[in-house]
Amino acid sequence: MNTGKKEKPAKPKYGMWQNSWCMVKLAWTTGEKKVPVMGLLLALLTVATNLLNLTISPAILAAVERRVSVAELVGTIAAFVLALMLVAAATEYIQNNVLYGRISVRMEWIARLHKKAATTSYPNLFDEAYQKMNAKAQDCVCSNRASTEAIWTTLTDLTANILGFLVYAALLCTVQPLLIVVVLATTALSYFVGNFANEWGYRHREEEAEAEKQMSYLTRRAWDLTAAKDIRIFGLRPWLEQLHGKAMAAYRAFHKRAQGVYLWAGIVDLLLTFARNAVAYAYLIGLVLRNGLGVSEFLLYFSAVSGFTTWVSGILDGAHTLHKQSLEISTVREYLEYPEPFRFASGAPIAPEEGKDYELRLDDVSFRYPGATADTLSHICLRLRPGEKLAVVGLNGAGKTTLVKLLCGFLDPTEGRVLLNGRDIREFNRADYYSLFSAVFQDFTVLADSVAVNVAQRGEGVDMARVRECIEKAGLRGKFESLPDGYDTKLNREVYEQAVQLSGGETQRLMLARALYKDAPFVVLDEPTAALDPIAEADMYRRYDDLTGGKSSIFISHRLASTRFCDRILMLSGGCIAEEGTHEELLQRQGEYAALFEVQSRYYKEGAEPNEKE
């Protein structure tokens, strides 16, 4: 029931100083200790440069007023110039050498984000909140200007401004402490106004992330080579441009509102700065007129007042910037800590053992996707015995792929249990559980790397003898050994211009070699040959069967003839097991399986006409 109340905006989990300390610890633990150390040195050098510039003119004027010798005057000037040159040289050296360390720290954040995305629980990939947070976190590490790198400049500048503030405050206290009170009061008010503006962006980050996600998706689809034919044949370009335009309009509208908030905050800050400077200058001019300060003292205090307001403004701006960057770093940290529904390191370990029997069982399993009104699978009881070849068939939408996802551990049932040797798989380390499966799905991936890496699925420690053996069993030895680079031949032309483009059948055989290389106890084929004709699919499935003998195998297909060699066939219909048995047994029952097989078999016969009647 809608009560009309707005949901309270979420607050960042981590504060500004928590995130700053987190960055320092990350730099320290990743071997980049020089980043915070050099940042502190840069802050000290900045203050030193400012103090030298502050005192050089008053010192020279004081020397002139004292009527010192030319040699002493030149010596004073030379000393200041030399000091400025040394400080400038040290500053330039540190700035040039600290850059790569800062990049290295940001790359550590990127590595952690990639690891999170690659290892997160499978259900998270379809969680809208997870997707939005992922998009925002990636934006916070994508460039040198991103918060995870730019914060070092902010911390350095803020440290310099605080140190300069303290030095100048001590100097101005010798003139009039009341000036410090005026400056601090206006500074505090400006800070709270700016803080409100920065938090506005954080409170509305979901709205921005939604538009960014839509634009990112449309851009990927437009550049996706697999969609090129559809875009052209169906004339989808205007439609894609229209959708992208709507998303861009929403994105621009959001930032227009945001800039309005930031503009008013800036105006308030400008007015307070003007009032602060007016009070300071009025008092100093009155002091000159009443007490008759000397020229050198007047210049020193005049410059000190101007410099003091600069330090204060720097603290204000730095605090605002740091707060904004902290909000983004908090988003990165919150994404990395996004809840995992599966157990990983905390789960019981599994180490595949050669020769060990593994049994899978579905114990009264039901599954319903989030937001759905009905179960995709309902009260499934199934036992996959060691070494058994099981086929799961049915029409599209029958729940075949969902069943595979449950068996492979990509999803947990909403009711019931998935058991491995009698133990609920939710108790295991899910990554270890995945190691029990060699699987080829409908949407398989050819890596932009060598043939050997594609087979072994790893960049280092590739067993080349095993790669050759698996390639030979898959029937691709002649193909790859005839190429100039052999098993080092690159695949995927999106990255390598000279890469070899495999045909559909060759790619299927490469996936077979990949499955053979892993040599896991369970082999799963979830309609990877759907793009092939029925005869080619049946041949490919038999090849898998011949080469993976002795392993528990699950074959998924909507073409019934492809899996007739299996020990047992499950016919799914309406989310339930409608029929179960061998191919011959199911035909004899003259049920749903037999009827569907009869319809399909007409078109599998060589020379059959599509409209041929019985």
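Note: hydrogens, waters and symmetry copies are ignored here, and every other heavy atom, side chains too, is used. Given the structure is predicted, the values throughout are model-derived calculations rather than measurements.
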Judged by atom type as modelled, is there a donor-acceptor pair below 3.5 Å linking the side chain of Ser330 to the main-chain atoms of Ser326?
no
Do Glu92 and Gln95 have side chains that get closer than 4.5 Å, going by heavy atoms?
yes
Side chain Asn429, main chain Phe344, donor-acceptor under 3.5 Å
yes
Are Lys405 and Phe410 in a cation-pi setup, meaning NZ or CZ lies under 6.0 angstrom from the ring centre and within 45 degrees of the ring axis?
no
Donor-acceptor under 3.5 Å (Lys518 side chain, Ala456 main chain):
no
Measure the acute angle between the ring planes of Tyr335 and Tyr130, then classify it against the limits of 30° and 60° as parallel, tilted or perpendicular.
tilted
With heavy-atom distances below 4.5 Å as the criterion, would you say the side chains of Tyr433 and Arg430 are in contact?
yes
Phe441 side chain near Val404 side chain, heavy-atom distance below 4.5 Å:
yes
Do the non-hydrogen side-chain atoms of Arg106 and Asn144 ever get within less than 4.5 Å of each other?
yes
Considering only heavy atoms from C-beta outward, does the side chain of Leu436 approach that of Phe428 to under 4.5 Å?
no
Ignoring hydrogens and angles, state whether a donor on the side chain of Glu340 or Ser121 is under 3.5 Å from an acceptor on the partner side chain.
yes
Are any non-hydrogen side-chain atoms of Val418 and Asp412 less than 4.5 angstrom apart?
no
Is any side-chain heavy atom of Val47 less than 4.5 Å from a side-chain heavy atom of Phe165?
no
Between the main-chain N or O of Ala117 and the side-chain N or O of Thr120, is there a donor-acceptor pair closer than 3.5 Å?
no
Side chain to side chain, Pro36 and Trp28, heavy atoms closer than 4.5 Å
yes
Does the distance from a Lys or Arg side-chain N to an Asp or Glu carboxylate O, for Lys324 and Glu328, drop under 4.0 Å?
no
